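Okay, structure first, notes after.
Every value quoted in this text rests on a predicted model; they were computed, and no experiment measured them. Lettering follows sequence order; numbering is per chain, from 1.
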Protein chains: 2
Amino acid sequence: MDSKGKQTKELVLQTALGMFRTKGFAKTTMRGIAAEAGVSLGSAYYYFASKDELVLELYRESVGEQRALASAAMAGVTGLADRLKAALHSGIDALTPYHHFGGAFVGSALPPQSAVNPFGEASTQVREDAIAIFAEVVEGAKVPTFLRAQLPELLWLGYMAVVLFWVYDRSEGQRRSRLLIDGSAPLLGKLVSLSRLPVVKPLVEEALALKARIQS
Amino acid sequence: MDSKGKQTKELVLQTALGMFRTKGFAKTTMRGIAAEAGVSLGSAYYYFASKDELVLELYRESVGEQRALASAAMAGVTGLADRLKAALHSGIDALTPYHHFGGAFVGSALPPQSAVNPFGEASTQVREDAIAIFAEVVEGAKVPTFLRAQLPELLWLGYMAVVLFWVYDRSEGQRRSRLLIDGSAPLLGKLVSLSRLPVVKPLVEEALALKARIQS
DNA sequence: TCGCATTCTTGAACATGTTCAAAAAGAGTG
DNA sequence: CACTCTTTTTGAACATGTTCAAGAATGCGA
């Protein structure tokens, strides 16, 4: 059975996520979380070193859900564009309950030193899980060999951009974000097809080389 | 002459920017700024509604400097790639004194409700100034007509991405960011050239149409 | 069961961003 | 100058994230 500690940790986490959903990130205070969970402030901090760390858990959970949704949605789909579309929509689906505090999310997630920073040290595990989703996208589709290895990470980067757009998206139901996905996935599909053509291929290869160069 | 108010405002601002540069954003407190400027805490808040608003000023100043640097660097240069390169490097040059607190910059700049959010209401003026720099980039270069109107905004978006990369860039002197600029500017130049070809043009047009669609 | 080490819990204390009502200084007018 | 209205200044007060030293509970070996 779970030790007392694990139980308390889970209690605090679920209380926090619930309050994030209903009240938003800014209006949910650490004191509020502790009170609602029936523990002391210090106890909450014993399990989560910072408010941001709670967001990291949220990120983790959302990636898990995205993966599940995406796998289901991609079953039987073979076109790169359609598989990508499924993965992107799944990501937004998983994040939707938290849209109203997306701003705060981004605010605490992007600073390089933040525990939640998706490009950083602390979130390596989650990031790899997220990239794995796009690896799954690529695996099931026809993609030129010279692109296959790099594509998942690039798609994940694109997904990050979509999420950023979504965070700013004030249209009802984030309609514009859905349009963006529906429009950009086919575009990317076509670009990948064209990437075999002699006029385009050098360009893509140059881009890949650049990517390698700036990563070292 | 400046009214007393203007003077105090300027004093607070310059003190703040100075402290941002020397101590970083997080370690510079509003109380610290007020003390160093020789005014009370309340006074600082009389002129700047929030710490973020001071960052907006910084953004404003950096755009001004970028514009000056870019104009000078583009003089006599006619290739799109080279003009773009000049504009991008100028932007990073203008921001360099603040690199060590770039993280905090991004953190307060990106949340949608933030006064500093580069996509938001409050920064409309600065954003237009920034886009104007890229309009200048385009004006002096050979660009297909069907692209001319949209290109400046797209380049600005790309610049935002570069800035984001730069914020995370821990290499000495932000070497990798410079590599990114030197590599991506020619790539974009070639892409724009190719955009006239019958195989590529539909793709670019579709992208432009998508851009229009999601902006409405 | 006793003693000890580890794990967990607590709330006070601190620093900081922000607000606000009140006071001071300034500017204009008769 | 006297009066009034506006602009500017002040510092106390507040809420919140975070730290920490002290204490309580728990587990475990002898």
Side-chain angles (χ1 to χ4, degrees), chain A residues 1-13 15-17 19-20 23-58 101 103-105 107-111 113-117 122, chain B residues 1-17 19-20 23-58 101 103-111 113-117 122:
Chain A
M1 67 192 158
D2 277 356
S3 70
K4 188 80 188 311
K6 283 273 160 62
Q7 271 179 276
T8 309
K9 181 170 184 177
E10 192 60 22
L11 174 64
V12 170
L13 175 59
T15 307
L17 296 191
M19 290 179 78
F20 285 163
K23 311 181 55 169
F25 181 75
K27 286 204 181 147
T28 301
T29 70
M30 290 299 282
R31 282 170 185 77
I33 296 170
E36 184 130 335
V39 302
S40 74
L41 180 59
S43 242
Y45 271 98
Y46 180 74
Y47 292 106
F48 300 96
S50 67
K51 205 180 169 187
D52 281 0
E53 215 156 272
L54 286 164
V55 176
L56 180 57
E57 292 302 318
L58 188 162
F101 85 89
F105 184 84
S108 40
L110 281 181
Q113 72 278 15
S114 156
V116 206
N117 163 9
Chain B
M1 66 188 156
D2 278 355
S3 71
K4 187 79 189 309
K6 282 272 160 64
Q7 270 179 276
T8 309
K9 182 169 184 177
E10 193 58 23
L11 173 64
V12 170
L13 175 59
Q14 293 309 326
T15 306
L17 295 192
M19 291 179 79
F20 285 164
K23 312 183 54 170
F25 181 74
K27 288 207 181 142
T28 301
T29 70
M30 290 300 283
R31 282 169 183 77
I33 296 170
E36 184 130 337
V39 303
S40 75
L41 179 59
S43 239
Y45 272 98
Y46 179 74
Y47 293 105
F48 300 96
S50 67
K51 206 180 167 186
D52 281 0
E53 216 157 270
L54 285 164
V55 176
L56 180 57
E57 292 302 318
L58 187 161
F101 86 90
F105 184 85
V106 164
S108 42
L110 280 179
Q113 72 278 14
S114 155
V116 205
N117 162 10

Distance in Å, B:E53 CD paired with B:S50 OG, rounded so as to fall on 0.5 Å steps: 5.0 Å
Options D:dT10, D:dA12, C:dT7, nucleotide nearest the side-chain atoms of A:Y46: C:dT7
Quick one: is A:T8 getting a side-chain N or O under 4.0 Å of the C:dC8 phosphate, OP1 or OP2? no
Protein-nucleotide distance (B:Q7, atom CD; C:dA25, atom C1'), rounded to Å: 15 Å
Could you tell me whether the phosphate oxygens of D:dG17, OP1 or OP2, come under 4.0 Å of any side-chain nitrogen or oxygen in A:S50? no
Heavy-atom pair of closest approach, residues B:K51 and B:F20: CE-CE2, 4.4 Å
Euclidean distance, atom NZ of residue A:K27 to atom C1' of D:dG17 [Å, nearest integer]: 18 Å
Take atom CG of B:L41 and atom P of D:dA13, then tell me their distance rounded to the nearest Å. 14 Å
Any chance you could measure A:L13, atom CG, to A:K6, atom NZ, to the nearest 0.5 Å? 13.0 Å
Phosphate OP1/OP2 of D:dT18: any A:Y45 side-chain N/O under 4.0 Å: yes
Tell me whether the OP1 or OP2 atom of C:dT9 has a side-chain N or O from A:Y47 closer than 4.0 Å. yes
Round to a whole Å and report the spacing from CE of A:M30 to P of C:dT10. 14 Å
Round to the nearest Å and state the distance from B:F48 atom CZ to D:dT8 atom C1'. 14 Å
Nearest-angstrom distance from the residue atom CD1 of B:I33 to C1' of C:dA15: 15 Å
Starting the side chain at C-beta, find the nucleotide from C:dT18, C:dT10, C:dA12 nearest to A:S40. C:dT10
Nearest 0.5 Å please: distance from the CG atom of B:L54 over to the CD1 atom of B:I33. 5.5 Å
Can you tell which of D:dT18, D:dA12, C:dT16 lies closest to the side chain of B:R31? C:dT16
Of the options D:dA12, C:dC8, C:dT16, whose atoms approach the side-chain atoms of B:T29 most closely? C:dT16
What is the distance, to the nearest angstrom, from the CD atom on B:E10 to the P atom on D:dT8? 14 Å
Starting from the 5' end of DNA chain D, give me the residue, A:A26 or A:G42, whose nearest nucleotide shows up first. A:A26
Look up atom NZ in B:K9 and atom OH in B:Y46, then write down how far apart they are to the nearest 0.5 Å. 10.0 Å
